[in-house]
Colleague: 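Dumping the structure here so I can ask a few things about it.
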Amino acid sequence: MNGAPYRSWVEVSLSRIRSNFESIRALTGPGVEVMPVVKADAYRHGAIEVSRTLMDAGARWLAVSSVEEGVQLRQADIQARILVMADFLPAERDALFDYHLTPVIHSLDDVSAFDLEARKRDIPADFHLKIDSGMGRLGTRAGAADIAPVLKRCSHARIEGLMTHFASAADYAGGQTEEQTQTFLAVKSGLESLDIAPKYIHMASGIPVAYGRRETWQKMVRPGHAIYGYVSPVSRGAAPARQVDVRPALVWKAALLAVKDIPEGAKVGYGGMFRAPQAMRIGILAAGYADGIPHRLSNKGKVIAGGRFAPILGAVSMDLTTIDLTHAPHLKPGDAVTLLGSEGSLSIDAQQMARLAGTISYSVLCGISARVKRVYV
């Protein structure tokens, strides 16, 4: 085949995902269960292929957001334990049992409802209880004295895990993470004093792991972004040195649909946002905001083309993006350019793209459309 194989595609390195997982597991040690987060189609890396790779590397737990995501993994014969972190809709409760999914439950009423469902089936059913320690989102704000009686009334539902989620893990200037930790551990200690001791205690996602907040690791950690090669930088304050080496696992490319010369003064794209300051050669990429290129990169983003940075010209369109190819007259339709990844000494990663677009790297990765072909390398 001549030229690029697809209009736009990502190349996912499964060996790098495995290496990132193994680096995290080596850091946390054998006493801490590492549960990779594969929600949102594994941050658009492909949940089924990524989950198979992680299971092969020794992952015994995987975390998803919804029952639907868990069902898709089960239907692909993913046998690891699957924790459903953010979904306990009444209409989906049957699927939790049918597909052997473990829910995170966020209210005491739902604990009782889950126990009722398990009692109807006359089977034991494990769940994890989420404590709202200060995030102000999902989770119960009840203390141990209120939680314990509900748990003890359960005849079939069994609390296997106790968890919380940090709101400001990258903030080392404020004290919110420490406050949340203390609040959560107080609930844990209170339950233990009432003879309730869940097997898995978990607070930490990738940032507290990478920067060594060991008091938050407990018996389980939930790395997400770090599995795919990213650790968010510290937003405020001074943190310890990063303790884990992870590298991006995804490269994103797009094909040139057309190459053309335009004269000085020519306008480019919707609204004529760009006007050529001199005669230029431009390239039109087969990717736009429907593929995941942030619209806010209009007239200020860049890609790598022909081994050099090439500015985005004018507005990013739904299906097309125009770039400056004046420096690379040898490029022709069908050639590939790099949106995320490296060419020679140059590289663009999701964090760099996110800074230019005024967003976060999670959004960049999760924004890569399903119509962008996934290739596993």
Side-chain angles (χ1 to χ4, degrees), residues 17 21 24-25 28 31-43 45 47-48 50-55 57-89 92-107 110-111 113-115 117-118 123-133 135 137-140 151 154 156-166 184 187-188 197-206 208-209 216-228:
I17 285 174
F21 169 75
I24 294 166
R25 188 171 57 182
T28 57
V32 179
E33 192 80 38
V34 178
M35 177 171 58
V37 179
V38 295
K39 64 181 181 179
D41 197 29
Y43 293 37
H45 291 66
I48 292 172
V50 167
S51 295
R52 287 172 178 158
T53 296
L54 291 168
M55 283 179 55
R60 294 182 292 186
W61 281 83
L62 300 168
V64 297
S65 181
S66 68
V67 170
E68 182 180 6
E69 290 178 335
V71 169
Q72 288 172 347
L73 293 184
R74 285 285 185 252
Q75 290 175 336
D77 199 31
I78 301 301
Q79 298 299 315
R81 295 287 303 276
I82 298 176
L83 187 71
V84 180
M85 297 192 296
D87 199 358
F88 193 60
L89 297 174
E92 296 181 319
R93 287 173 183 166
D94 285 345
L96 290 170
F97 296 93
D98 295 344
Y99 291 91
H100 306 289
L101 307 174
T102 303
V104 173
I105 297 181
H106 309 101
S107 77
D110 277 345
V111 170
F114 186 62
D115 182 57
E117 294 296 325
I123 57 173
D126 295 328
F127 69 93
H128 292 211
L129 180 65
K130 186 170 187 177
I131 305 299
D132 179 2
S133 60
M135 177 78 164
R137 209 170 54 175
L138 292 175
T140 179
L151 298 180
C154 291
H156 289 67
R158 306 182 304 193
I159 182 167
E160 183 185 28
L162 190 71
M163 66 175 288
T164 195
H165 187 64
F166 294 131
F184 176 74
V187 175
K188 170 181 173 287
K199 179 179 180 180
Y200 295 109
I201 308 296
H202 48 114
M203 295 183 274
S205 55
V209 172
T216 71
W217 294 359
Q218 298 293 307
K219 295 297 183 181
M220 177 179 272
V221 294
R222 310 183 304 265
H225 214 29
I227 292 292
Y228 310 103

Colleague: Look up atom OG1 in Thr102 and atom CG in Leu96, then write down how far apart they are to the nearest 0.5 Å.
Modeller: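 With rounding to 0.5 Å, OG1 (Thr102) is 8.5 Å from CG (Leu96).
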Colleague: Within a 6.0 Å radius of atom NZ on Lys39, are there more than 12 heavy atoms belonging to other residues, nucleotides or ligands?
Modeller: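 No - once you tally the heavy atoms of other residues, nucleotides and ligands closer than 6.0 Å, there are 12 at most.
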Colleague: State the NE2-CD1 distance between His45 and Ile227, to the nearest 0.5 angstrom.
Modeller: 10.5 Å
Colleague: Does Met85 offer a backbone N or O that forms a donor-acceptor pair with the side chain of His106 under 3.5 Å?
Modeller: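 The answer is yes, because a donor-acceptor pair under 3.5 Å joins these two groups.
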Colleague: Keeping to residues at least two apart or across chains, list the salt bridge (charged side-chain N to carboxylate O under 4.0 Å, His left out) pairs with something in residues 59-70.
Modeller: Glu33-Arg60
Colleague: Considering the options Leu62, Val38, Leu54, which one meets the side-chain contact (heavy atoms from CB on, under 4.5 Å) requirement together with Ile78?
Modeller: Leu62
Colleague: Side chains of Leu101 and Val71, heavy atoms from C-beta outward: is any pair under 4.5 Å?
Modeller: yes
Colleague: Check whether any side-chain heavy atom of Ile82 lies under 4.5 Å from a side-chain heavy atom of His100, and answer yes or no.
Modeller: no
Colleague: Are Asp132 and Lys130 side-chain neighbours, meaning at least one heavy-atom pair lies under 4.5 Å?
Modeller: no
Colleague: State, with a plain yes or no, whether a side-chain heavy atom of Thr53 is found less than 4.5 Å away from one of Phe21.
Modeller: no
Colleague: Take atom CZ in Phe97; do more than 12 heavy atoms of anything else shown fall under 6.0 Å from it?
Modeller: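 Atom CZ in Phe97 is packed in, count exceeds 12.
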Colleague: Using 4.0 Å as the upper bound for N to carboxylate O, is an ion pair formed by Asp110 and Arg93?
Modeller: yes
Colleague: Does some side-chain heavy atom of Thr164 sit less than 4.5 Å from a side-chain heavy atom of Met135?
Modeller: no
Colleague: With no hydrogens and no angle check, is any side-chain donor or acceptor of Ser65 less than 3.5 Å from a backbone partner on Ala86?
Modeller: no
Colleague: Would you say His202 and Arg222 are linked by a side-chain donor-acceptor pair, where the criterion is simply a distance under 3.5 Å?
Modeller: yes
Colleague: Within the structure provided, determine whether Leu162 and Gln218 are in side-chain contact (heavy-atom separation under 4.5 Å).
Modeller: no
Colleague: When you compare the side chain of Met163 with that of Tyr200, does any pair of heavy atoms fall below 4.5 Å?
Modeller: no
Colleague: Looking at side-chain heavy atoms only, is the closest gap between Val104 and Val84 below 4.5 Å?
Modeller: no
Colleague: Could you give the distance from OG (Ser51) to CZ (Arg74), rounded to the nearest 0.5 Å?
Modeller: 10.0 Å
Colleague: For Asp115 and Ala118, indicate whether the former's side chain and the latter's backbone hold a donor-acceptor pair under 3.5 Å.
Modeller: no
